[in-house]
Number of protein chains: 2
Amino acid sequence: MNWHKKPRDSYHHGNLRKALIDAALDLIRSKGTGGFTFAEAARHAGVSPAAPYRHYKDREALVADVAGQGYKAFSAAMDKAWNDGKPDVAASFKRTGEAYLLFARDQPAYYSAMFESGLNIATYPELRTAADEAFDTLKVAVTALVATAPEGSRPPVLMVSLHVWAVCHGIASLFGRGDGAAFKQPISPQELLESHMLVYLRGLGLKV
Amino acid sequence: MNWHKKPRDSYHHGNLRKALIDAALDLIRSKGTGGFTFAEAARHAGVSPAAPYRHYKDREALVADVAGQGYKAFSAAMDKAWNDGKPDVAASFKRTGEAYLLFARDQPAYYSAMFESGLNIATYPELRTAADEAFDTLKVAVTALVATAPEGSRPPVLMVSLHVWAVCHGIASLFGRGDGAAFKQPISPQELLESHMLVYLRGLGLKV
DNA sequence: AGTTCATGTAAAGGGTTTTTACATGGCAAC
DNA sequence: GTTGCCATGTAAAAACCCTTTACATGAACT
């Protein structure tokens, strides 16, 4: 039987792993995290239904790989936005938060795989590592921001980081998805994050 | 063929709809939102694989019904916690936020169906209605809280409500699930929410 | 050239989905 | 009460998906 929509030049695909990830991203984008089957991803990549099993134990392992790629891209985007705190900490911090929202908006398939695929993160250690790395970038930014406060009145970095993470994730999840945001509101996600951080940082006694 | 684990007394089940919802809740709890099939829910309820089609168009419709029940229970829990702002607005507001986290922790199956099932809320109008109702309770609480500020320095209710909703949802989603919270932290969800609201309300210029 | 091994296919068994035809019995109208 | 309606359940069948097993291909190394 011919599984190829467009016949390949060789018997071997060449880069099926990447093709499967791309297929999964396409399918997640259009039908949600759970909206496609392993066989469908294979068809989308132009191979037989059994071929994906050469690269992944099961469908979940494919989604986990997608999530891992997502965390890496996410971490890189946050790092780039932070830009070592230059030109100044306040502006960089704001950019970093915006980068969180932009990633959720512009890479909804990655974001879904990362936070909504329902896969047990404990089962995939490399996933935990990649996720921790992304959160570390956020903590670096918070550390620098907190350091602008006078010594003795600096709030704990971990607490502030978790607050910021939760707000970003909450706004992104509820209001800031690319496609049909679940609970769309008359205020944009960016405005919501900015207004929140304005209030929150004032509450911390930090000037911005 | 006999589909009943324990034989029923009558040919008709009696309350298959409820049995299917209970089955779905059980299965979501143990295997995630996408971790079971329509046929599996039928087996769990002790009926043939075709029986559920008498009550739901497809599997998604069952999950949507579960989510709807969830929103109703959620709304009721928030309302009860708010208790008309008695004995005082500050305490009631705090209780309402805690109720959000407690619901996510104690009813993880409902919470998953509501926020992580990936179903298009626009497809199910009664779902949108139920969700709006829950959010309205939150807005009532915020309205009362904002009213404690001197006239002229009152922040917009919608903005504050969305901030609060986002924080609650972010904390609950990331750190506050009953089972294996995805990104568990050394600070409890309750502490995180309380510390955040302390900072945030101070930033708003509200005394608590 | 020959061997090896990663990568792909074919085929088969079993489960799921969904429809269609049929069976049951609760209930309302007489 | 009896009758007939019809909501609710079952059986069976066709199509598709999952997963494994045995086999085919060809790239890389000697």
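Below, chain A is the first sequence line, B the second, and so on; all start at residue 1.
- Annotation for B:Thr96 and B:Met78: closest pair O-SD, 3.8 Å, computed over non-hydrogen atoms.
- For D:dC16, the OP1/OP2 oxygens have no side-chain nitrogen or oxygen of A:Thr37 closer than 4.0 Å.
- Applying the side chain to side chain contact (heavy atoms under 4.5 Å, CB included) criterion to B:Asp84, with sequence neighbours excluded, gives B:Lys86.
- Distance A:Phe36 CZ to D:dC16 C1': 17 Å, rounded to the nearest Å.
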Pairs under 3.5 Å (N/O, protein and nucleotides 18-20 of chain C):
{"residue": "C:dT18", "atom": "OP2", "partner": "B:Tyr53", "partner atom": "OH", "Å": "3.0"}

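- Between B:Leu16 atom CG and D:dT10 atom C1' the separation is 13 Å, expressed in whole Å.
- For A:Tyr56 and C:dG8, the OH to C1' distance is 16 Å, given to the nearest whole Å.
- Aromatic pair B:His196/A:His196: centroids less than 6.0 angstrom apart.
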Go through it in stages, so that I can follow the logic: the residues are B:Tyr124 and B:Asp65, the test is side chain to side chain contact (heavy atoms under 4.5 Å, CB included), and I'd like the CA-CA distance, side-chain angles, deciding distance and then a yes or no.
CA-CA 9 Å; B:Tyr124 302 90; B:Asp65 199 6; over 6 Å; no
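- Under a cutoff of 6.0 Å and an axis angle of 45°, A:Arg43 and A:Phe36 do not form a cation-pi pair.
- Contact annotation: A:His55 side-chain N/O to C:dG8 OP1/OP2 distance is under 4.0 Å.
- Here the closest non-hydrogen pair linking B:Val157 and B:Val142 is O-CG1, 3.8 Å.
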Between protein and nucleic acid, restricted to nucleotides 13-15 of chain C and to nitrogen or oxygen atoms under 3.5 Å apart, what atom pairs and distances do you find?
none

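- Near-neighbour residues of DNA chain C inside residues 18-26 of chain B, defined by a heavy atom below 4.0 Å, are absent.
- Not counting sequence neighbours, the partners of A:Ala51 by the side chain to side chain contact (heavy atoms under 4.5 Å, CB included) test are A:Leu16, A:Val47, A:Ser48.
- Rounded to whole angstrom, the span from the CD atom of B:Glu40 across to the C1' atom of D:dC18 amounts to 14 Å.
- Here B:Phe103 and B:Phe74 bring their ring centres to under 6.0 angstrom of each other.
- For B:Lys18, the side chain to side chain contact (heavy atoms under 4.5 Å, CB included) criterion is met by B:Asn15, B:Asp22, not counting sequence neighbours.
- With respect to the salt-bridge test (charged N to carboxylate O, under 4.0 angstrom), the residues A:Glu40 and A:Lys31 qualify.
- Electrostatic pairing of A:Lys72 and A:Glu126 does not count as a salt bridge here, judged by no charged N lying under 4.0 Å from a carboxylate O.
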